[in-house]
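Comments concern the structure below.
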Amino acid sequence: MPELPEVENARQVVEKALDRTISGVDDTDEYVCRPHHPGEIDQALKGGRLVAAHRRGKTMWCDTVTADGDEGPHLGIHLGMGGRIFVTGPTGDASSLYAGGDPHVGGMPKKPGERPDKPEWDRVTITFDDGGALRLFDKRRLGRVHLEPAVEALGPDAAEITRDEFRARVGKGIVAIKAKLLDQSVLAGVGNLLADETLWQAKLRPSRPAGELSTDELDDLRRVLRRATRAAIAQGGVHTGEVIPYRKKDATCPRCGAPMERGVVGGRTTWWCSAEQSD
DNA sequence: AACAATGTTCAGTC
DNA sequence: GGACTGAACATTGT
């Protein structure tokens, strides 16, 4: 499910939908499109175009222009726990399909490149006058599409944050370091898996109070985080992390062989090495 | 059947 | 107001 790396992948797919005239938006799912009412997003975008696709952390948004060429509203897209993006080209058929997000959550695996045959999981569809479309496909329905997302509420992107920003934002307070990494207003883009992977690589106990970390530990943590994030983008998702396959019962640490331990930190299921991450 | 799931938000308490 | 906690949200898979 989508964390920063999967969302970056999805953003690149959204770019396939740029500069194509919007003929309509199916925004009838009032939960996914909250707080809008059906028809509002359709009304705001119809006749216009998406002209740029941005991302900060796990939030994507598109700049738009209206039919007259004026600046239009920003369209926010969030994949939630299991959303994916599918874009079809002008022919609208499967041969022109681009898929974005985490392939692991797509529903039924089909022939390579084909989209799962679950039209009821299309939560929002933007149709273009060339016959193609962009859809948010999300079986869990926790994804979101709405106008003017509050991007300012997010901290710096986890792949871009500077050393000084990281020290100042992450290295304070009494909350567990893992909870800090997961706080999107502190730092945007880290999800449960990337947090476990990063802390394992840095050999830090997830429950350690964030303010307790030394400057050296914070600097190292940031280096590890950026490396793990970029590696996940390059390799196609957070599930390619080294410790991810060992987040399960009776597993042992792939580095030292000690038992992996499970608990709840920051409200999320957490796995760590009982030997190397115990300080 | 009960529980967990890679996310966000909101009510409530210091 | 900020820091923090825990439950709720909608749905599927085990």
Side-chain angles (χ1 to χ4, degrees), chain A residues 1-10 28-35 55-61 76-85 100-109 116 118 120-124 136-146 149-151 153-155 158 168-200 206-207 209-212 225 228-229 231-233 235-249 262-271:
Chain A
M1 304 180 186
E3 301 186 30
L4 188 155
E6 287 81 4
V7 178
E8 174 54 24
N9 170 265
T28 50
D29 190 318
E30 294 188 69
Y31 185 73
V32 173
C33 294
R34 68 193 179 284
R55 179 190 63 74
R56 182 142 151 201
K58 306 172 198 169
T59 295
M60 294 182 273
W61 71 97
I77 304 174
H78 198 293
L79 301 180
M81 279 288 251
R84 303 190 65 192
I85 295 293
D102 184 352
H104 285 93
V105 298
M108 342 287 93
K118 280 282 188 181
E120 65 271 32
W121 290 346
D122 284 340
R123 305 301 179 182
V124 177
L136 172 65
F137 176 87
D138 179 15
K139 60 180 172 190
R140 295 274 301 272
R141 215 167 153 230
L142 286 169
R144 195 170 178 197
V145 171
H146 64 135
V151 178
L154 299 170
R169 304 180 73 95
V170 177
K172 62 171 192 217
I174 62 166
V175 284
I177 183 62
K178 176 169 175 177
K180 276 282 188 206
L181 293 178
L182 290 175
D183 186 337
Q184 305 298 301
S185 68
V186 169
L187 170 84
V190 180
N192 201 27
L193 291 190
L194 190 52
D196 277 6
E197 173 73 20
T198 301
L199 291 166
W200 175 78
S207 59
E212 213 182 72
L225 171 61
T229 304
I233 292 172
Q235 293 165 49
V238 286
H239 62 278
T240 61
E242 286 178 57
V243 84
I244 304 306
Y246 302 91
R247 294 175 81 260
K248 60 182 183 192
K249 197 166 178 292
R262 182 200 146 117
V264 174
V265 180
R268 316 289 284 157
T269 296
T270 301
W271 292 86

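Hydrogens, waters and symmetry mates play no part in the numbers below; they use all other heavy atoms, side chains included. To find a chain, count down the sequence lines: A is the first, B the second, and so on, and within it residues start at 1.
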Taking the side chain of A:L142 as its heavy atoms from C-beta onward, which of C:dT12, B:dA5, C:dC9 lies nearest to it? C:dC9

Between the base of B:dG7 and the side chain of A:R268, is there a donor-acceptor distance below 3.5 Å? yes

C:dT12, OP1 or OP2 - any side-chain N/O from A:R140 closer than 4.0 Å? no

So which atom in A:E6 and which in A:V238 form the shortest heavy-atom distance, rounded to 0.1 Å? OE2-N, 2.8 Å

Under a 4.0 Å heavy-atom cutoff, the residues of residues 176-192 of chain A touching DNA chain B are A:Q184, A:G191, A:N192

Check every atom of C:dT11, C:dT5, B:dG7 against the side chain of A:E3 and return the nucleotide holding the closest atom. B:dG7

Counting a pair only when it is Watson-Crick or G-U and both distances are under 3.5 Å, which runs of at least 3 such pairs involve DNA chain B? B:2-5 with C:11-14, B:7-14 with C:2-9

Working to the nearest 0.5 Å, report the span between CG of A:N192 and NZ of A:K178. 3.5 Å

For the side chain of A:H78, counting heavy atoms from C-beta on, which of B:dT8, C:dT12, C:dC4 is nearest? B:dT8

5′-ward residue of the pair A:V238/A:R144 relative to DNA chain B: A:V238

Length of the NZ-C1' vector between A:K139 and B:dA4, whole Å: 13 Å

dist A:D196:CG -> A:R268:CZ (nearest 0.5 Å) comes out at 10.5 Å

Can you find a side chain N or O atom of A:W121 that sits less than 4.0 Å from OP1 or OP2 on C:dT12? yes

Just wondering, do A:Y31 and A:R123 contact through their side chains at under 4.5 Å, heavy atoms? no

When you measure from the side chain of A:K58, which nucleotide among B:dG7, C:dT11, C:dC4 comes out closest? B:dG7

Per A:I174 side chain, nearest of listed nucleotides C:dT11, C:dC4, B:dA4: C:dC4

